[in-house]
Amino acid sequence: MKALTFILLLLLATCSTGGMRCASPSAEGLELPAYDASEDIVVHLGYTASYNHTTLIPDWVAWELTAEEAGGMNDGQYSFSRDPEVKFPKASREDYANSGWDKGHMAPRADMKWSCQALEESYYFTNICPQNHEMNSQAWRKIEELTRRLALRYGSVYVVCGPVVGTGRYGTIGKAGVQVPDAFFKALAVNTPDGYRTVGFLVENSRQDGSPRRYAMTVDSVESVTGRNLFPSLPEVSEASFDWNDWK
DNA sequence: CGGCCCTAATTT
DNA sequence: AAATTAGGGCCG
């Protein structure tokens, strides 16, 4: 235990004195939600995910977005592909083709432009869910853009998001049977002198074009929908309220 | 207008 | 099966 603490302190010291930021996922893992041993946790350079082999989509995807990363410069077109870190991945391009549903990124492509590897890994199906096109390109995108602005403002944002399968009323797509979620959740946390500040979002997987405020709620509310403890590692974190003035 | 979210058709 | 090309709508 002592050795582990020492290593963590060393990592922290290295990051802060070197004038550079750790690559996401953060060395501290503060963005990670609570999870148990039955989950298939996949760690990539830019994000950590829990891949669900029944729904064929992630249960959650988490990453830290720093100000430096939010202004990333790499670009290029990558193709959606199966994740080499996942054993027996089933979802494929064919399942989504002509389904009417977008191949929606959980960790956004635009958050991964700080590294070619991170960018490529964002196209793994581990990070992809069927999303309504209007929702993905409008309401969800606005929340993603807001998150990048927050990273620039606060220096770093912890992000966790994923599908809410709910009743599964949209069924599945493709031969593999990829689950179409009822909705999507996203939770953000930033560090402030007064402790960690959080906000959550919940967006139905239907035509949604509103501004982020319309979908905002407390992280406690998001947890009551997902049934999962979010940001369990953050000390002095407030999840029972939020002030939209801090987030707009 | 560029950036971002993509799709579908075509070529290899 | 994958890479290339062309195209579309919204936002700041």
Side-chain angles (χ1 to χ4, degrees), chain A residues 24 46-47 49 56-58 61 63 65-86 88-154 157 159 161-164 170 172-176 178-186 188 201-216 244-245 247-248:
Chain A
S24 302
Y47 64 92
L56 310 186
I57 53 179
V61 178
W63 67 102
L65 182 67
T66 66
E68 291 84 350
E69 291 164 353
M73 51 194 296
N74 288 293
D75 214 336
Q77 195 57 45
Y78 289 85
S79 49
F80 295 94
S81 61
R82 285 171 164 162
D83 190 336
E85 296 299 316
V86 173
F88 310 116
K90 288 181 185 162
S92 70
R93 288 190 187 90
E94 287 69 36
D95 295 313
Y96 286 78
N98 302 306
S99 70
W101 298 91
D102 276 11
K103 294 186 281 284
H105 281 70
M106 293 295 97
R109 176 192 186 282
D111 282 15
M112 298 294 146
K113 292 169 68 176
W114 47 275
S115 156
C116 290
Q117 180 187 336
L119 191 53
E120 184 172 10
E121 289 172 346
S122 81
Y123 280 81
Y124 292 159
F125 283 103
T126 311
N127 185 47
I128 301 297
C129 291
Q131 278 186 320
N132 173 277
H133 177 68
E134 283 74 22
M135 179 271 194
N136 183 25
S137 60
Q138 295 180 53
W140 194 249
R141 175 163 70 107
K142 289 179 203 175
I143 296 171
E144 292 176 338
E145 289 173 343
L146 172 61
T147 304
R148 283 188 286 276
R149 287 198 300 274
L150 291 166
L152 293 171
R153 187 195 307 168
Y154 289 100
V157 183
V159 191
C161 73
V164 178
Y170 298 120
T172 63
I173 55 173
K175 286 181 181 171
V178 180
Q179 180 66 52
V180 181
D182 284 9
F184 291 88
F185 74 91
K186 178 171 273 189
L188 309 178
F201 300 91
L202 187 69
V203 189
E204 295 292 316
N205 196 12
S206 56
R207 178 180 287 261
Q208 298 290 335
D209 60 1
S211 295
R213 177 70 185 91
R214 179 171 156 196
Y215 308 99
W244 187 247
N245 291 320
W247 302 96
K248 65 188 182 186

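Lettering of chains follows the sequences in order, A, B, ..., and the numbering in each one begins at 1. Bear in mind the structure is a predicted one, so any value in this text is a computation, not a measurement.
Distance CG (Asp209(A)) to P (dC11(C)): 7 Å, rounded to an integer number of Å. For the pair Ile143(A) CD1 and dC4(B) P, the interatomic distance rounds to 17 Å; values are reported in whole Å. Across the protein-nucleic acid pair, Glu134(A) atom CD and dC5(B) atom C1' stand 11 Å apart, rounded to whole Å. A straight line from NE2 of His133(A) to P of dC4(B) spans 16 Å, rounded to a whole angstrom. Taking atom NZ of Lys248(A) as the reference point, atom P of dG12(C) lies 15 Å away to the nearest angstrom. One atom, CG of Leu146(A), and another, C1' of dC10(C), lie 17 Å apart when rounded to the nearest Å. Rounded to whole Å, the distance from CG on Leu119(A) to C1' on dC6(B) is 15 Å. Put simply, OH on Tyr123(A) is 12 Å from P on dA3(C), counting in whole angstrom units.
Looking at heavy-atom distances under 4.0 Å, Glu144(A) makes contact with sugar-phosphate atoms alone, never a base. At the heavy-atom level, Arg148(A) lies under 4.0 Å from the strands shown only through sugar-phosphate atoms.
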Step by step, work out the side chain to side chain contact (heavy atoms under 4.5 Å, CB included) result for Arg82(A) and Tyr124(A).
CA-CA 5 Å; Arg82(A) 285 171 164 162; Tyr124(A) 292 159; over 6 Å; no

Kindly determine whether Trp140(A) and Phe184(A) satisfy ring-ring contact (aromatic ring centres under 6.0 Å, His included), including the steps that lead there.
CA-CA 9 Å; Trp140(A) 194 249; Phe184(A) 291 88; 5.7 Å; yes

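Along DNA chain B, the nucleotide nearest Ser137(A) and the nucleotide nearest Asn98(A) are compared for position; the residue whose nucleotide lies closer to the 5' end is Ser137(A).
The only member of Thr147(A), Ile143(A), Leu65(A) that meets side chain to side chain contact (heavy atoms under 4.5 Å, CB included) when paired with Leu188(A) is Thr147(A).
A heavy-atom distance below 4.5 Å is not found between the side chains of Ser81(A) and Glu120(A).
Set against dC10(C), dC6(B), dA2(C), the side chain of Arg141(A) has dC10(C) as its closest nucleotide.
A sub-4.0 Å separation between OP1 or OP2 of dC6(B) and a side-chain N or O of His105(A) is present. Between Lys142(A) and dC11(C) there is a side-chain polar atom (N or O) within less than 4.0 angstrom of OP1 or OP2. An OP1 or OP2 oxygen of dC6(B) is reached within less than 4.0 angstrom by a side-chain nitrogen or oxygen of Asn136(A).
In this model, no side-chain donor or acceptor of Arg109(A) finds a partner on the base of dC4(B) within 3.5 Å.
Relative to the six-membered ring of Phe201(A), Lys186(A) misses at least one condition, a distance below 6.0 Å or an angle of at most 45° to the axis.
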